[in-house]
2 protein chains.
Amino acid sequence: MPELSERWKLALAMDRKPKTPLRPQAHRRPAGDLPPDTTGTRPSGKPAVTIRDVARHGGVSIATVSRVINNEAQGVSPKTRARIQSLVKELNYRPSRIGQALRGQATDTYALVISNIQNSLYAAIAWELERRLNDGGGVMLLFNTNENADLQDRCLAEINARHVSGLFILCAVESRSLRQTVAQYHTVFINRRVTSLGETSFVGVDDYAAARDVVSMIVEARHLPLGVIHGPLYSDTSASRLRGLRDALHEKGIPLEAGDIREADLSMDGGYRHARELLRQKTYRALFCGSDQIAYGAYRACCERGLAVPDDIQIYGFDGNPLNEWLAPWLNTVRIPHTSFASEAIRQLASLREGGVHRSIILPYDIVAGSMNGR
Amino acid sequence: MPELSERWKLALAMDRKPKTPLRPQAHRRPAGDLPPDTTGTRPSGKPAVTIRDVARHGGVSIATVSRVINNEAQGVSPKTRARIQSLVKELNYRPSRIGQALRGQATDTYALVISNIQNSLYAAIAWELERRLNDGGGVMLLFNTNENADLQDRCLAEINARHVSGLFILCAVESRSLRQTVAQYHTVFINRRVTSLGETSFVGVDDYAAARDVVSMIVEARHLPLGVIHGPLYSDTSASRLRGLRDALHEKGIPLEAGDIREADLSMDGGYRHARELLRQKTYRALFCGSDQIAYGAYRACCERGLAVPDDIQIYGFDGNPLNEWLAPWLNTVRIPHTSFASEAIRQLASLREGGVHRSIILPYDIVAGSMNGR
DNA sequence: CTGAAAGCGCTTACAG
DNA sequence: CTGAAAGCGCTTACAG
């Protein structure tokens with residue numbers, strides 16, 4: 001033990017840290033090869049300057065440096081504080097999040113698990129979340145499940161191995177380790193709830209009511225007969241939209257045959273294939289699609305069949321994809337407030353971190369009627 | 001010192017870790033309030049089970065557990081190994097990346113800095129990167145710069161505070177701390193190089209040649225006169241595309257007046273506004289756009305003016321956005337191989353980590369002619 | 001084959 | 001106001 005102290009003193013005198021005898025990954029490098037940092041600028045992935053460096057240059061203890069960088073109100077004289085602060089700037093010191101995390105602090109690292117980043121609506125929500133987290137000094141880990149339970153479990157496992165400060169799941173699927181992860185991390189579900197989980201934090205719209213509104217719109221405009229391509233029923237969101245549609249049609253006495261309804265996955269290709277089938281069997285005046293992505297696929301099927309949208313056939317989507325006004329002005333849709341989704345999700349996560357309770361935050365939606373392409 | 005040992009022995013005997021006397025964040029919780037983990041399942045953000053728990057239950061040292069989970073070939077008897085392995089499964093133990101990172105190991109955490117996630121081409125590349133990194137057991141931190149140097153610096157600062165194993169920058173801008181970050185972390189630039197940085201790793205296409213090919217296509221089809229809306233010239237990619245265009249037109253003796261050229265930012269709105277201006281002043285037969293996003297905006301401007309695309313006016317884009325075949329079949333574009341972008345970028349990063357040298361990887365592109373919307 | 005120990009970069013209760 | 005020390009979860013050279 002005294003020997004160590006000696007080494008330390010010596011090291012400090014030399015203004016050098018004593019090198020730990022460990023040489024990580026040394027086995028990967030054949031003996032005789034160049035040592036790892038011969039160039040002096042070899043990318044190391046490690047912070048160049050540590051709290052110890054700042055302390056040494058400032059002639060104070062690391063405790064004092066820590067107090068300064070954490071802006072502790074007390075415990076540091078104004079003079080010392082100012083000196084260390086300028087030293088931090090000068091040395092370009094940034095405290096390692098890794099060290100902080102291990103010490104038990106918040107990492108300000110958040111995870112976003114997203115079912116499909118190719119959906120520009122989801123990308124827009126991801127972007128909003130990322131921007132707002134950055135504004136608050138946080139960062140975002142992005143995971144993509146592709147609507148697959150095994151992939152989602154793998155994402156959750158990776159999240160479990162890091163200390164994240166919170167978790168957003170944009171369109172979760174049921175998966176083995178979902179329950180445990182949700183119990184371990186503050187979690188906010190976005191746009192899709194997992195009902196089997198019981199009480200959770202959720203941000204979304206009233207999909208059931210929105211679907212009913214769409215039906216009213218369709219019926220008033222007499223866009224019948226109607227074909228339906230809904231999303232997968234494992235998604236509570238898709239299921240609610242379908243229920244709203246069915247109930248509203250039923251109440252209005254409008255029949256819907258089994259052949260008029262098809263279930264597609266949440267993709268353009270899914271919408272395309274099922275629309276093609278539908279259009280083959282009957283002349284529809286409108287297609288109700290469970291999402292805008294599905295609607296895009298349906299659009300292509302209509303075009304290929306020589307049907308003009310919206311003159312020959314109307315397409316109804318769901319989501320209010322930000323792309324619509326540019327590339328799909330013909331689309332009727334339900335605009336969900338994706339910007340508010342992000343801000344409310346972050347607000348709810350902050351509330352959870354402060355001990356708040358789970359809440360369902362149901363935001364208002366808009367019905368958007370498609371235009372004739374601006375002409 | 002001996003006192004500590006006593007505490008440890010006692011603790012081990014009780015099968016409990018001795019609690020550190022530190023109570024992080026205790027000051028945030030008013031005295032008399034409930035203690036943090038009264039519920040027993042309060043989200044903690046910390047791994048539930050640590051290497052120490054496994055060691056204790058297995059009756060071995062943490063060193064042995066470490067050897068097992070890292071699959072060290074030697075140093076553990078097969079019997080012990082098997083026992084610990086099943087214990088790891090049983091306890092659902094996952095080594096903390098934080099602990100590993102601090103110890104100097106690779107984190108398998110990669111950062112992707114992206115200039116605009118709303119661009120579906122970039123989203124597609126992000127998705128490919130994420131998927132491939134996940135396949136290799138890695139995770140991806142996502143950052144969005146919005147083409148802004150200050151925001152990019154903030155992203156780089158956050159990256160600096162974590163030990164990332166590598167960095168991808170999809171469309172970098174020049175910024176103060178870029179050079180230092182690139183020196184510190186293995187970095188691969190994608191789709192846009194920063195020439196001032198000297199030799200770097202890069203994955204992209206030959207934008208100059210591609211632009212020349214587009215000009216040939218335009219001239220052969222006699223889609224003239226031509227209006228040009230190029231991307232911002234701080235982007236080397238945009239600048240190369242413009243140079244290719246200018247040179248090719250010049251060689252073919254086709255004049256291009258200053259009024260026919262406009263610089264837009266890389267957004268649909270930018271394309272829209274500039275196309276509107278162009279269309280006001282002359283009757284163009286074609287618009288050359290520096291990116292597909294710009295082209296989408298131009299499309300809207302054409303529609304609003306009552307011009308049919310592609311019958312009245314042709315639109316030429318650049319990127320091969322995956323959305324095109326669904327929503328913009330009228331678009332002529334240069335398809336960059338975004339899937340290969342991801343795989344080559346990862347391959348190059350792996351090469352750098354193994355001591356490889358910087359390389360420019362120039363991939364082939366396709367010229368895609370727009371269709372008449374499938375009709 | 002196995003374990004004790006050092007140390008990665010931090011924060012904070014405790015003692016001066 | 002300030003510092004020494006403990007410890008977060010790991011890995012590995014070293015010693016047995």
Side-chain angles (χ1 to χ4, degrees), chain A residues 1 3-5 7-8 17-27 44-47 49-55 58-70 72-81 84 93-107 161-163, chain B residues 1 3-5 7-8 17-27 44 46-55 58-70 72-81 84 93-107 161-163:
Chain A
M1 239 4 192
E3 200 203 317
L4 179 72
S5 300
R7 280 182 61 206
W8 257 108
K17 291 181 271 190
K19 283 298 173 204
T20 159
L22 309 178
R23 239 158 291 142
Q25 306 182 340
H27 60 285
S44 63
K46 290 203 185 184
V49 30
T50 73
I51 196 172
R52 205 151 254 131
D53 299 317
V54 180
V60 295
S61 73
I62 60 167
T64 298
V65 178
S66 175
R67 287 185 191 111
V68 171
I69 59 180
N70 288 299
E72 298 271 297
Q74 306 164 343
V76 191
S77 74
K79 229 163 76 180
T80 310
R81 181 183 302 274
I84 299 302
Y93 166 64
R94 293 194 65 84
S96 159
R97 292 285 188 187
I98 302 289
Q100 293 178 323
L102 192 52
R103 188 56 186 69
Q105 289 297 105
T107 54
R162 287 151 220 273
H163 305 195
Chain B
M1 238 4 194
E3 199 202 318
L4 179 72
S5 299
R7 281 182 60 205
W8 258 107
K17 291 182 272 191
K19 283 299 171 205
T20 160
L22 309 179
R23 239 158 291 142
Q25 305 181 340
H27 60 284
S44 63
K46 291 205 187 184
V49 29
T50 73
I51 197 172
R52 207 150 250 132
D53 299 317
V54 180
V60 296
S61 73
I62 60 167
T64 299
V65 177
S66 175
R67 287 183 190 112
V68 171
I69 59 179
N70 288 300
E72 298 273 296
Q74 305 164 344
V76 191
S77 74
K79 230 164 76 180
T80 310
R81 182 183 301 273
I84 299 304
Y93 166 64
R94 295 194 65 83
S96 160
R97 292 285 187 187
I98 302 289
Q100 293 178 323
L102 192 52
R103 189 55 186 70
Q105 290 296 106
T107 53
R162 289 150 219 274
H163 306 195

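To find a chain, count down the sequence lines: A is the first, B the second, and so on, and within it residues start at 1.
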> Given atom CG of B:L102 and atom C1' of C:dC8, what is their separation to the nearest angstrom?
Replying inline: 4 Å

>> Could you report the tightest heavy-atom contact between A:A161 and B:P95, atom names first, then the distance?
In response: CB-O, 3.6 Å

>> Return whichever of A:I69 or B:I62 has its heavy-atom-nearest nucleotide of DNA chain C closer to the 5' end.
In response: B:I62

>> Can you check the distance between D:dA6 and D:dT2, where both ends of the measurement are the P atom (answer in whole Å)?
In response: 23 Å

> For B:R97, which contact category applies under a 4.0 Å heavy-atom criterion: base, sugar-phosphate, or nothing?
Replying inline: nothing

> Rounding to a whole Å, what distance do you find between A:I98:CD1 and C:dC10:C1'?
Replying inline: 11 Å

>> Output the rounded distance in Å from CZ (A:R162) to C1' (D:dG9).
In response: 14 Å

> Any side-chain heavy atom of B:D53 sitting closer than 4.5 Å to one from B:Y93?
Replying inline: no

>> With a 4.5 Å cut-off on side-chain heavy atoms, are A:T50 and A:S96 touching?
In response: no

>> Can you list everything that forms a side chain to side chain contact (heavy atoms under 4.5 Å, CB included) with B:T80? Sequence neighbours excluded, please.
In response: B:V60, B:T64, B:V76, B:S77, B:R83, B:I84

> To the nearest Å, how far apart are A:R67 CZ and C:dT12 P?
Replying inline: 10 Å

> Dot-bracket for DNA chain D: what is it, with Watson-Crick or G-U pairs under 3.5 Å, [ ] where a pair crosses earlier ones, and | for a pair to another strand?
Replying inline: |||.||||||||.|||

> If you find the nucleotide of DNA chain C closest to B:T64 and the one closest to B:G99, which residue's nucleotide is nearer the 5' end?
Replying inline: B:T64

>> In this structure, how many angstroms lie between the P atom of C:dC1 and the CD1 atom of B:I84, rounded?
In response: 14 Å

>> According to side chain to side chain contact (heavy atoms under 4.5 Å, CB included), who are the partners of A:T107, at least two apart in sequence or on a separate chain?
In response: A:A101, A:T109, A:H163, A:S165

>> Counting distance alone, no hydrogens or angles: does the base of C:dG9 have a donor or acceptor under 3.5 Å from a partner atom on the side chain of A:R94?
In response: no

> Whole-Å distance between D:dG9 P and A:H163 NE2?
Replying inline: 7 Å

> Using atom C1' of each nucleotide, how far apart are D:dT12 and D:dG16 to the nearest Å?
Replying inline: 16 Å

> Where the side chain of A:S61 is defined as all heavy atoms beyond and including C-beta, which of D:dG3, D:dC10, C:dC10 is the nearest nucleotide?
Replying inline: D:dG3

>> Please pick, from C:dG9, D:dG3, C:dG3, the nucleotide with the shortest atom-to-atom distance to any side-chain atom of A:I51.
In response: C:dG9

> Given the P atoms of C:dC14 and C:dC10, what is the spacing between them in whole Å?
Replying inline: 24 Å

> Hey, does B:S66 reach any base, or is it just sugar-phosphate, or nothing, if we go heavy atoms under 4.0 Å?
Replying inline: base

>> On the nucleotide D:dT2, are OP1 or OP2 found under 4.0 Å from the side-chain N or O atoms that A:T80 carries?
In response: yes

> Hey, mind stepping through A:N70 and A:S66 against side chain to side chain contact (heavy atoms under 4.5 Å, CB included) and telling me if it holds?
Replying inline: CA-CA 6 Å; A:N70 288 299; A:S66 175; 3.3 Å; yes

> Roughly how many Å is it from CD in A:Q100 to P in C:dG9, rounded to a whole number?
Replying inline: 13 Å

>> Distance check, P atoms only: D:dA5 and D:dC1, in whole angstrom units.
In response: 22 Å

> Of all heavy-atom pairs between A:I51 and A:I62, which one has the smallest distance, and what is that distance?
Replying inline: CD1-O, 3.6 Å

> Starting at CG of B:N70 and ending at C1' of D:dT12, how long is that distance when rounded to a whole Å?
Replying inline: 10 Å

